[in-house]
> 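Starting off with a structure, shown below.
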Amino acid sequence: MRVRVVKSAVVGVALLALPQVAAAVNCEQVRKYLATGRSVEDVAETMIVSIDDVKKCQQGGEQKSDTKAAQPPAKPASKK
């Protein structure tokens, strides 16, 4: 009886944690796959995520690259 209760508790906790783990999409990896010429559908299937998540990463990546290219970081003056 105890074993059954423990197993049920473990399965319950795993099911509760699953959506949180699945919700995390590595957008950096998604953008790398897209840069190699893969389609959105192919990347979604490869990474086992939704097509909408891939599209969100794709849109977010384009916005980030524009802000990075705007201005390089300033270098501190060297002391001699």
Side-chain angles (χ1 to χ4, degrees):
M1 183 68 179
R2 264 189 181 178
V3 173
R4 183 177 288 168
V5 171
V6 171
K7 284 182 181 180
S8 296
V10 169
V11 169
V13 169
L15 289 175
L16 289 174
L18 186 63
Q20 295 172 353
V21 172
V25 177
N26 187 346
C27 286
E28 183 178 342
Q29 187 66 39
V30 168
R31 288 190 294 271
K32 286 181 182 180
Y33 281 145
L34 291 170
T36 63
R38 293 184 183 188
S39 67
V40 171
E41 292 81 10
D42 186 36
V43 173
E45 184 178 324
T46 300
M47 296 188 67
I48 311 171
V49 296
S50 71
I51 293 173
D52 291 335
D53 288 339
V54 174
K55 288 181 180 180
K56 287 177 187 176
C57 288
Q58 184 180 27
Q59 292 171 352
E62 292 171 1
Q63 293 170 355
K64 289 181 183 177
S65 64
D66 291 342
T67 57
K68 287 181 182 176
Q71 198 171 33
K75 295 182 180 179
S78 61
K79 296 180 181 179
K80 291 186 179 180

> More than 12 heavy atoms of other residues, nucleotides or ligands under 6.0 Å from CD of E28: is that the case?
no
> Mind listing the closest non-hydrogen atom pair of V40 and V54 along with its distance?
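Nearest pair, atom of V40 first, then V54: CG1-CG1, 3.6 Å.
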> May I ask you to test the V30-Q58 pair for a side-chain heavy-atom distance under 4.5 Å?
no
> How would you list, by chain and number, every residue that makes a side chain to side chain contact (heavy atoms under 4.5 Å, CB included) with Q29, sequence neighbours excluded?
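For Q29 the side chain to side chain contact (heavy atoms under 4.5 Å, CB included) partners, ignoring immediate neighbours, are N26, K32, Y33, M47.
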